[in-house]
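Working notes, beginning with the structure itself.
Below, chains carry the letters A, B, ... as their sequence lines are ordered, and counting in each starts from 1.
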Number of protein chains: 2
Amino acid sequence: MFLHLEQKNTAVRMKLSSAVQETADQEKRGRKASKETRRQQLIEATIDSLAKRGYSETTLADVADGAGLSRGIVNFHFESKEKLLIATLQFMADEYAAHWNAALEKAGSGVAAQLWALVAADFDRRICTKRKLAAWCAFWGEAKSRPTYQALCGARDVKYQETFVALCQALKAEGGYAIVAEATALALCAVMEGLWLRLMMGDGLTREKAHAAAVEYLVAVFPAHFTREGLK
Amino acid sequence: MFLHLEQKNTAVRMKLSSAVQETADQEKRGRKASKETRRQQLIEATIDSLAKRGYSETTLADVADGAGLSRGIVNFHFESKEKLLIATLQFMADEYAAHWNAALEKAGSGVAAQLWALVAADFDRRICTKRKLAAWCAFWGEAKSRPTYQALCGARDVKYQETFVALCQALKAEGGYAIVAEATALALCAVMEGLWLRLMMGDGLTREKAHAAAVEYLVAVFPAHFTREGLK
DNA sequence: ACATACTTGCTGAATGTTCATTCAAAATAA
DNA sequence: TTATTTTGAATGAACATTCAGCAAGTATGT
């Protein structure tokens with residue numbers, strides 16, 4: 001009897017996601033390290049579950065199974081389901097912010113290059129995964145009725161929006177365009193979110209096509225700076 | 001005891017939403033009519049609940065309360081919660097489709113006027129309500145993991161998308177623009193959905209500002225046809 | 001080395017709550 | 001009466017949360 005249970009448990013643990021193995025170089029044993037490793041492992045499993053089953057059908061049992069751990073585990077490492085979900089959203093928001101900040105950094109000091117890099121970053125394969133998009137959408141769906149989610153979903157946040165406004169203003173000055181910078185920046189942000197939404201819905205839309213549509217927008221608005229192939 | 005319960009029940013029914021009173025001109029009694037009236041009443045209450053509490057916290061009890069009716073009512077008029085939600089989404093999809101088709105109709109035969117009308121329709125106060133947007137978003141959040149929702153959410157459907165592509169192609173021919181019509185149409189649809197998403201999130205964004213941003217896009221892409229104030 | 005207590009991470013059965021669904025009975029209409 | 005609509009208590013299933021106990025380490029004492 002005991003043996004049987006042990007075997008079953010071991011079998012389940014075989015299903016550990018690749019994410020765990022990637023971080024396996026950190027000792028699985030060390031006190032403090034293990035704690036963070038486990039949390040990350042559970043967050044990854046949560047994203048999986050959100051993507052696979054949607055928000056309303058994501059259960060702690062499913063998360064625990066996905067992580068290859070036992071039922072009580074989430075309430076041990078996080079305090080409640082609510083807190084696990086918030087930590088998950090926080091993680092995604094941090095990751096997203098880090099990604100676009102890095103892209104901006106790497107783009108150098110040219111305004112046009114920066115704008116191009118920000119748009120490209122949104123359709124980067126590291127960020128723009130079916131899995132991640134689905135998880136974002138799950139949170140969006142609940143955000144209106146939950147202030148906490150709403151705050152974090154706006155990780156596509158004030159700073160992000162302000163950056164776009166500033167870049168649009170700079171390009172307007174450079175190119176003498178007859179645009180309203182704020183409205184243009186808003187529309188640009190909206191187009192990228194809208195494309196994310198459609199990517200998730202999973203028609204035949206691909207990441208490349210979506211990126212091309214966003215670029216089409218850039219080219220139309222700032223013809224003196226961009227072509228469909230890149231900077232002028 | 002009986003009296004007390006009756007009074008409570010009556011009190012609850014006082015809370016009937018205005019939507020019910022609007023349709024009160026249809027007899028509340030007639031056999032067939034009553035059936036449809038009730039269904040509509042429950043669908044409205046469902047939209048209310050989705051907007052107020054989000055998908056995952058919408059319960060049949062809340063819907064019934066919102067409609068001022070008893071707990072068992074939904075399973076009588078619809079067969080299950082699932083079917084109520086599908087009927088609700090179906091209703092919203094039909095309403096949306098009817099609205100943009102009517103707008104297209106009313107716009108006459110000018111291509112530019114038609115495109116302008118379609119964009120305006122999306123930000124019409126009859127369609128673009130906080131309440132409705134929130135309900136849409138609730139469904140979007142669940143759509144990826146539910147084929148049935150996914151199909152209906154694409155009520156912003158193939159035909160809609162095709163209409164935009166056709167209009168963009170026609171304008172391209174008329175104005176000699178150097179655009180890719182398909183990508184432009186996709187971006188245009190995406191911009192409107194993205195703006196809806198942001199309206200829901202409820203920063204300081206208003207319907208008017210959102211509409212202005214969409215118009216900014218039109219003006220930028222088709223400068224020979226549009227100004228910010230309308231057709232040229 | 002070995003034994004002992006103490007710590008930490010984890011398990012899984014038990015508990016209680018929330019909720020969709022059912023249905024017998026009541027109200028209302030035909 | 002008979003048929004239809006509505007009610008609300010009862011039922012049962014799904015789930016988050018709790019917790020007593022196990023396992024594996026780690027520190028302390030001998």
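Straight-line distance from the CD atom of A/Gln41 to the C1' atom of C/dG9: 13 Å, rounded to whole Å. The distance between atom CZ of B/Phe76 and atom C1' of D/dG8, rounded to the nearest whole Å, is 15 Å. Distance, A/Glu82 CD to D/dT17 C1': 14 Å, rounded to whole Å. In this structure, CZ of B/Phe78 is placed 16 Å from P of C/dT22, rounded to the nearest angstrom. Atom NZ in B/Lys35 sits roughly 16 Å away from atom P in C/dA29 (whole-Å rounding). As a whole-Å value, the separation of B/Arg38 CZ from C/dA27 P is 17 Å. Protein atom CD1 of B/Ile73 is 13 Å distant from nucleotide atom C1' of C/dT28, rounded to whole Å. Rounded to whole angstrom, the span from the NE2 atom of A/His77 across to the C1' atom of C/dC10 amounts to 7 Å.
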Between the protein and nucleotides 13-16 of chain D, list the N/O to N/O atom pairs that are separated by less than 3.5 angstrom.
{"residue": "D/dA16", "atom": "OP1", "partner": "A/Lys81", "partner atom": "NZ", "Å": "2.8"}
{"residue": "D/dA16", "atom": "OP2", "partner": "A/Leu60", "partner atom": "N", "Å": "3.1"}

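The ring pair (Phe, Tyr, Trp, His ring centres under 6.0 Å) check on A/Phe139 picks up A/Tyr149, with sequence neighbours excluded.
At least one donor-acceptor pair under 3.5 Å links the side chain of A/Gln41 to the backbone N or O of A/Ala67. A donor-acceptor pair under 3.5 Å links the side-chain atoms of A/Arg207 to the main chain of A/Phe123, judged by distance alone.
Around atom CD of A/Glu208, more than 12 heavy atoms belonging to other residues, nucleotides or ligands sit under 6.0 Å away.
Here the two rings, on B/Tyr217 and B/Trp116, have centers that are 6.0 Å apart or farther.
The pair A/Arg39-A/Glu36 meets the salt-bridge criterion, since a charged nitrogen lies less than 4.0 angstrom from a carboxylate oxygen.
In terms of phosphate contacts, B/Arg71 brings no side-chain nitrogen or oxygen within less than 4.0 Å of OP1 or OP2 of C/dA20.
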